[in-house]
Structures are given as C-alpha cells and as structure tokens.
Amino acid sequence: MSCQICPLRLRQQQRSRPGDCSRSAPGRTKAAGGMQPSQECSLYVPSWVLPDLFGVFQVDETLAPFKLTHEQLMLVKSRMRAGLEAGLRNKGPSAVKMLPSFVYRTPDGTERGKYLALDLGGTNFRALLVNFKRGLQQNTRVNHKIYTIPLEIMQGTGEELFDHIAQCVSDFLDYMGMKNAHLPAGFTFSFPCEQTALDTGTLVSWTKGYKATDCEGHDVVEMLKEAIKRRNEFDLDIVAVVNDTVGTMMSCAYEDPQCEIGLIAGTGTNVCYMEEEITKMCINTEWGGLGDDGSLEDIITPYDAEVNRMSVNPGKQSFEKLTSGMYLGEIVRQVLLDLTSGGLLFRGRVTETLKTTGIFETKYLDRVALLQVRSILQQLGLKGTCIFIVQQVCGAVSRRAAQLCGAGMAAVVDKIRENRRLDHLKITVGVDGALYKLHPHFSRVLEETVRSLAPHCNVTFLPSEEGSGKGAALITAVEKALGEHRIDKYLYSMRFSDETLLDIMHQFRREMVKGLGRDTNPTAALKMLPTFVRSIPDGSEKGDFIALDLGGSNFRILRVKVSHEKKQTVQMESQIYDTPEDIIHGTGTKLFDHVAECLGDFMEKHNIKDKKLPVGFTFSFPCQQTKLDEGVLITWTKRFKASGVEGMDVVKLLSKAIKKRGVSIMAVVNDTVGTMMTCGFDDQRCEVGIIIGTGTNACYMEELRNIDLVEGDEGRMCVNTEWGAFGDDGRLEDIRTEFDREIDRGSLNPGKQLFEKMVSGMYLGELVRLILVKMAREGLLFEGRITPELLTRGKFETKHISAIEKSKEGLSKAKEILTRLGVEPSTEDCIAVQHVCTIVSFRSANLIAAVLAGILLRLKENKGMTRLRTTIGIDGSLYKMHPQYARRLHKTVRRLVPDIDVRFLLSESGSGKGAAMVTAVAYRLAEHSRQIAEILSEFRLTTEQLLEVRTVRWGLC
C-alpha cells in the first residue's frame, strides 16, 4: 500500500510554502498533490485517506467558524438565559416560547395502573401500553409497537394525519386485545403547543419537516378525538398532551427523583425544566427558536444560512437548525459541496449525488472510524481519497452542536440554582434522542461544556431507557391521582401574563386621572381623595401626641412622644381594644361612644387625663376631606355598617363623644396615609403608602397642580386613592371569576370594592373555600365528601393560606387545617389545596403590583425623570404574614416598571404612629405659621395708628 505524509508534518511544510495551497474567492484552485513521503517523518497513513496533500489543510479556514471560543459560548448562554426570562415574562413576542405544560409534579414511585401512551414526534408514531405496579419501579411493564408516518401524510392534511394515527392506535389495541377497554391516555406531541390545561394543546407551528395543513392554531387533542370518533371503533380518555421533552423528564424522574430537566438531542432539540416562579410547573422552553430574532447572527455560517433557506420553515427554529439531527447532515453536505467546488475534495468532481438535499444523513456523523467513512462515501458514489477531511467536517459540525446545547443547558441549570438561591445545585437531566445516544462524542462534549459554563452546578445526565412515551403514561398516572389538570380549568383565569398586568396598570392610570378631575371625579371609580397632608416629616417635629387607630376588628390607641435631645427619637405606648360585632353593626353613636370610653380608659391608665394633648385620628375608611381636621365618610368598608355615619363628618361625631376628655382632634387620616408618614419619618424619600391586610388601599404625594378638587398649584398633597373600588365601573369584568362574583353577592356591599374583594385578606380565605367546595362537589377533592364546616362561610381564613404556603411545613399544615374542617385529606388533596392557595395569593400580589406600578409611573412622569428612585411605606397582615407575598409583589413591580428603583419599607409601628406624625407635622406647620404671624404682626397697624400717622402728616404739611 502506498503512503502519504502525516497531516502534522505537512502543516509545518505548508507554513514554509504558503503559495502552494492558496485559493481565491469565491472559487478555489485545485490543490497540488502527489507529494512523496518525507524522509524526516516516521508517521504514515494510507494513501486513500489523504490524497490532496496541500488542499486538505485549507479546510481549517472553512471550518474555523464552527470552532466556538469560551467567550462565544458564554454569550450564547447569556442569550439563552435572556430568552428564558423574556419568554416567562411574556412581554411581546419571544423567540424562546416558554410554554406552560401544566405538569406540576414529577413521579414519586407510587403510581399504579395501566395507561396508554401515544408518541408522535418524528418519522415514526409509537403506541405503548404501560403498566405501573405500586412501589415496584423495576417491575413496570411496557408493550409497544412502532408505525411509520409516510412523507405524504406528514405533509398532507391534518385530517389525513390524525386519521392515520387513529388507525395505528386501533391496530395496537387489537394487538393488545384491549379494544373495548376505556383507557386513560397520554399523548406525546413533540411540537410547540400553547396549553391552557393539561388536556389541551393548540399547535403553534410545525417543526421537524411536518407541514400537515389545517393544524396550526388548532387543538391537537380535539383533532385526535375527532379522528377517533370518525373511526368509531374504540374510545380513549386523553388526560394529557405533553411534549417529548416533558415525557423524557418524567420517564427519568421515575428512576431518579432529582431529575427536574428534560433534554431532547435527536431529530429535533428542546429542553423543559421545573420552573418555580409562580408555582412549581414544568415549562417547555421550545429553545429551538432561540435566534429567530437575529440574536445568533454572529455565529451563523453561510452553510447554516443555506440550510435555513432550503428548509420548510425559513427564519424559524434557528437554534434547532444548528444543533439537531434533522439538519446536521445537511450542514455537512453543504460544506462538502463547497469544498468539492473549490477543488479540495473528490478531485473537484461535484456529483449529482452530492447535489441532492438530504443525501448525507446525520446518522453518518456517528461513524467516525476511517473504514466506516470510506464505506459511507462509496455508498453515496463519492469516490476519492478524502476520508480524513470528511471526518474533520463531521467532527466540527457535531462538536459545535454539542457545545451550543451545552451552553443552553448551562443557562437553564444556572436559572434553577438562582431560583432556589443556592450556592451549588445538584440536579439530574433526563436525556433522549439519537444524537446524544449514538454519536460517540456528542454526550461528552455537551457535558464538558455544561461543567465549564456552569461551574456551580453538579449536573448528572441520565439517558431515558423507555423514551418519552413512558413519560406521557407517567404524567397521566400522576394527573389521574391529583386531578390537577381539572383544577386548572377553575384557576387558569387567575393567572395573568405581563401583558395583562400592563393593561390593568394602564387602565388604573386612566382612572387616576379621572378621579383627580373636578368634572370627571363624580363618575370615577377611584375617588382620589385629597388628604390635606402637604408634607412628610422633615425631622424637626417634636411634642406629645395621642393617636387613635380605627380600621378593623381592633381599635388601637397610642401615646407618641417625639423629642430632640441628641437626635430625634420617638417613644410610644399603646393599647389594643376589641371592637365587637354589635358595635361594628350598631349605630354611629354607639361606635364613637365606644371609642371615647376606650380613650378615657387609656388616659386613666397612662396618667394623662389632665393633659390637653393634640390627637391624630386614623380612620381607615373612604372620607371626603376639605381640610385636615374634617372627614365626611363616603361609605363603610371591611364589614363595618354602623348607621348614621355615612355622609357625616366623623371628626365632629368623635369630638362630640370625647368632649369631656380635654383633647382636640387636629387631623383625621387614612391608615395608608398614616403608614406613609410613619415610614417617611425613617426615610424622607417615602412618597407612597400601601395597606395590604384585611383591606387594601394606597396613597401617594401628588402635585397640587394636578388636583382639580383643591385650590392652588404650588407644592404637593397626599392623595388617598381608595383603590379598593377600582373596577366598580365594570372595567375588571373580564378578569373576575365565578368565585369573585359569589364573594361579592354574599358581601355586605355588593357591587362595591370589587378590586379589594379580589386581593385583600378579608376575602382570600373565603375565595379559596368556595373553590374547594366546588371541587369537592365534582369529586376532585376529599373523595367528594363535603362537611358542614367546609360549607360554613368564614371557616377557611386567609391566615390558613399563609400557613399552607410555607415551604417546609405547608403540606402538614394543610392536613391539620383540613382535618379541623372535618375532611380526611389524602396527600394528593393537600397538594391540590396548596396549589389553589398559591394561585389565589399570587393573583392578589400580581394585581396589587399592577396598580402600584401605575402610581409609580405617575410619580416618575410628574417629576419628569428618566429614572426614579423612591420608597414605598407598606403595612398589613397579608403582606407581613404570608411567606411568599412580599417577594412576589416586589419581583412583579420591578418587572413591570424596570426604570424605577423601589425600596419597600415595612411599617414597624403601624398607621397609628403615622397619625401622630401627621399631627406632629400639622403642629409644626401651625407653630411655624404662628411664628410668622407674630413677626408680621409688628408690621400691622391699627386704625388708631393709621389716623395718628395721617394727623402727623397733615401737621407737617
């Protein structure tokens, strides 16, 4: 056998003779060949490996763009991460779709029963019968058959495709002797789908060569059901439609509980993972779309561009076309065709075979041995002695694909690690796909890339033995146990995209403007009440004050001393008094007499009954004010219904009740204003106050020029938005649920405070109870048992939601609470109830975030700033006690208004101290006015003085 010189030795010679292997663009000159073996080289290879000795090394230049640096891979990782976040936020079109799968849980090994799994995702359709035996994972039995999907079916009509699938299912059920069995089925449908529940899937777009008409935009589950109905031979209960990636994750999670990611690296490529942003749910990333927005242009080669141009979906699935088995062979063919055209391969002879699209299959990339490559080329009629070059091309294309998948995976695992706030993450990835399993180097390169780009993550890759079909059966088994797919039919409308939240924000802003206008205020849902509080504390306040705080089932009295020794300090003494139901629902006289009695008791106990102290009155109900010490009640809220108070000045009513106590009321304020003032004492940037507790409301500092209801244009004034009434004009009807309407019908004030009834602590517990009752009635919870306690209004309290959502003890708390309600919940019941609580409380946080964002944007625009830095004072039991509420609220606000830097400052002393601070500020301003008046009084002349001046003047004349 004749021999040629080795490539390494030849490279050294080429560098000293560059002219021998030069080439011109766009064509190439044929390289010289026939060089004799060097006497200095001891390494030889067969002549059929390296025929074109100089041209072969010019391949490096062609393949250079396929060799990605660490920096390039880090850029791909960051772009993938940005794509994941953008898809989750749903802010406009996103290349990475981040589709919810409505799979909330991975298997725990207790699944049992027989399930049918249908798997469509490539050129084959697979039907499986999976039998899970409880606690015996190793004894799972799987029977399956594979059916071919002909090209004319893949690219025909949707009806033809689903009729073909129904025929395959019929054949399989015949084969298994189960045609009369009504089996629960899972449908693995490996194409991008929008889901609104586990058993629905609207096809977004075909991939992987499919082009069946009349399918995109339609529910594939309904199309399959229609095909089964047309066949009229068998019936199925299709419980779930899932992506193959989700199926793979579930299949591997059955073997390894740490598996929370699924990866497909085969004909197509995709990743799913368990996202924890709202509640734990598997998200199908559809990462193949990364780059559809042009973000990968810097790594796209001319060969990739040509493959994209010739594909059935030009401009789509950009990342998939760089990484998946459907396209890698074609990329290699394009490179080989270019090299051959330039005279660097096959002696420059471009055969018809080489021109044929799809002739070089991705499976050829798996066969790297020289003899294997030679055999493949011979099969393709490509005669020549260019084996080593073909090897190089295959290696470069497949290595790039593995590295890109590794960069994408690094973005996913780092996101999970940061979601969980971990320094190090240990996690398993379930993997399927011919490229990962069969290519000799793909898995190694992928895993090395993940280790390099995500060094704080310990990632184990677990190949799926049974494929995604078993995963679909597992999802069906899990969902049959939990019934969560039916829960979503109740709760899907409580989930809001960022687009919806931004729409709510803009509606709220329009209502703010309407409420501030003199002519539009009477018909506005938001009353935007002026408070006549014109300043937050400036640090110079001092004095001894009493604060009364009435706003819920408790009434609080405080004595607040503000002093200046070395620095401003505040001392407080307080006492809480009950406000019984008969007082809340009695007469106004009885209510304010109760307040006066409590005040007398407090002054007696604190030895201040002989002191005449100024009083600030926190009255947490909507009031119309024309000055600081006057407040006309517009309407009661929070279950208060005391008669004879609405339309009356509450300061006068209280003053009448306490006239014997020797105190004077200097200010009446809302609890939100009190909260803002309390926090403003600690942070003078504070210009917003929020209450999220029994009720909810917000106030903020508005420019006086914008408040038509008050005279004057200079300075600012705090406006009490009374945002609990947002939506009373019907503008929230499209997001209210049947449960919200039932809450409203049963309330003391139907048709009023509709926003408050969707978000506040007074109503959230009852909202959850109504959902649980309906689910139980339909047999989805507690085996259909409904107890008198569960039917009793108010038995499920909002504090129970907080307990159930605790991360570690939540499920045990759920069991304890539900047991007290007379039901005997299973673990699945507890999980479902926890899920309901999460959705209800998360909706509340999202809605509050949307309207708060509206206030923040108004502050920013009022100041004419491109970026605003401000502080929000916040109080309320829901915000304080719920384990997740504050974090969710903060995150959503910052996402909706990213150009505003917000500090959330918790009010430690409540709104009562704020009332004292309002009084202190009013006292300071009054004292300041008195001093000015005193100074100016010297310039004021009496009538006698003026007459005397006139007399003197006449005398001088």
Side-chain angles (χ1 to χ4, degrees), residues 515-516 518 521-522 524 526-536 543 545-551 555 557 587-589 591-593 595-596 599 612-637 640 642-677 689 697 699-702 704 707-712 715-722 725 911-912 914-930:
L516 289 169
R518 187 185 306 276
N521 177 273
L526 294 181
K527 289 306 175 185
M528 304 296 286
L529 305 172
T531 65
F532 293 86
V533 173
R534 300 172 186 267
S535 171
I536 59 172
F545 309 95
I546 290 177
L548 311 178
D549 189 353
L550 177 65
F555 169 58
I557 305 177
T587 65
T589 301
L591 172 65
F592 287 107
D593 282 347
V595 171
L599 177 60
K612 294 189 176 182
L613 300 179
V615 174
F617 182 24
T618 299
F619 187 71
S620 306
F621 305 92
C623 284
Q624 191 85 45
Q625 289 185 260
T626 56
K627 50 187 178 179
L628 189 60
D629 60 352
E630 176 187 280
V632 176
L633 177 63
I634 297 172
T635 181
W636 283 117
T637 58
F640 273 69
S643 61
V645 183
E646 291 182 351
M648 303 295 290
D649 180 1
V650 295
V651 176
K652 283 184 178 178
L653 294 175
L654 179 58
S655 297
K656 183 179 178 182
I658 64 173
K659 62 183 177 181
K660 297 178 183 179
R661 308 294 174 187
V663 295
S664 59
I665 300 172
M666 288 195 67
V668 58
V669 298
N670 190 275
D671 53 350
T672 4
V673 181
T675 295
M676 182 188 75
M677 296 296 282
N697 193 16
C699 67
Y700 72 103
M701 296 300 293
E702 177 61 81
L704 201 55
I707 308 174
D708 290 350
L709 305 173
V710 177
E711 297 298 325
R716 299 202 297 170
M717 181 180 288
C718 180
V719 169
N720 166 22
T721 67
E722 287 299 334
S911 56
M917 296 313 302
V918 171
T919 306
V921 170
Y923 198 73
R924 167 172 61 82
L925 294 175
E927 181 64 19
H928 185 56
S929 297
R930 187 191 64 76

Q: Is there side-chain contact between Leu516 and Asn521, with heavy atoms separated by less than 4.5 Å?
A: no

Q: To check you understand the geometry: which heavy-atom pair defines the closest contact between Trp636 and Glu646, and what is its length?
A: N-OE2, 2.9 Å

Q: Got a second to check how far Gln625's CD is from Asp649's CG, nearest 0.5 Å?
A: 9.0 Å

Q: Do Thr589 and Lys656 make a side-chain contact, defined as non-hydrogen atoms from C-beta onward lying under 4.5 Å apart?
A: no

Q: What's the shortest heavy-atom distance between Glu722 and Phe621, and which atoms?
A: OE2-C, 3.9 Å

Q: Could you tell me whether a side-chain N or O of Arg518 sits under 3.5 Å from a main-chain N or O of Asp708, the two making a donor and an acceptor?
A: yes

Q: Evaluate side-chain contact (heavy atoms from CB on, under 4.5 Å) for Leu529 paired with Ile634, printing each intermediate quantity in order.
A: CA-CA 10 Å; Leu529 305 172; Ile634 297 172; 3.8 Å; yes

Q: Tell me the closest heavy-atom pair linking Gly689 and Thr672, and the distance in Å.
A: O-CG2, 3.3 Å

Q: Heavy-atom distance under 4.5 Å between the side chains of Asn670 and Phe619, does that happen here?
A: no

Q: Would you compute the distance between atom CE of Met676 and atom SG of Cys699 and round it to the nearest 0.5 angstrom?
A: 4.5 Å

Q: Locate the shortest heavy-atom distance separating Leu709 from Gly515; write the atom from each residue and the value.
A: CD1-O, 4.0 Å

Q: Compare every heavy atom of Gly588 with every heavy atom of Val645, then report the nearest pair and how far apart it is.
A: CG2-CA, 3.4 Å

Q: Could you go through Leu548 and Phe555, starting from their C-alpha distance and side-chain angles, then the distance that decides it, and tell me whether this counts as side-chain contact (heavy atoms from CB on, under 4.5 Å)?
A: CA-CA 8 Å; Leu548 311 178; Phe555 169 58; 4.0 Å; yes

Q: Under a 3.5 Å threshold, yes or no: a donor from one side chain and an acceptor from the other, between Asn697 and Asn720?
A: yes

Q: Would a distance-only check, ignoring hydrogens and angles, find a side-chain to backbone donor-acceptor pair under 3.5 Å from Lys527 to Thr721?
A: no

Q: To the nearest 0.5 Å, what is the distance between CZ on Phe617 and CG on Leu599?
A: 10.5 Å

Q: If we only count heavy atoms from C-beta on, is the Tyr700 to Arg716 side-chain gap below 4.5 Å?
A: no

Q: Could you pull out the closest heavy-atom pair between Pro530 and Ile707, with the gap in Å?
A: CG-CG2, 4.2 Å

Q: Say you draw a straight line from SG of Cys718 to CE of Met677; how long is it, rounded to the nearest 0.5 Å?
A: 8.0 Å

Q: I need the Leu550 CG to Leu654 CG distance, nearest 0.5 Å.
A: 9.0 Å

Q: Could you please spell out the steps behind the side-chain contact (heavy atoms from CB on, under 4.5 Å) verdict for Val533 and Met717?
A: CA-CA 6 Å; Val533 173; Met717 181 180 288; 5.8 Å; no

Q: Please walk me through it: do Phe592 and Ile658 pass side-chain contact (heavy atoms from CB on, under 4.5 Å)?
A: CA-CA 8 Å; Phe592 287 107; Ile658 64 173; over 6 Å; no

Q: So how far is it from Leu633 CG to Leu653 CG, rounded to the nearest 0.5 Å?
A: 9.5 Å

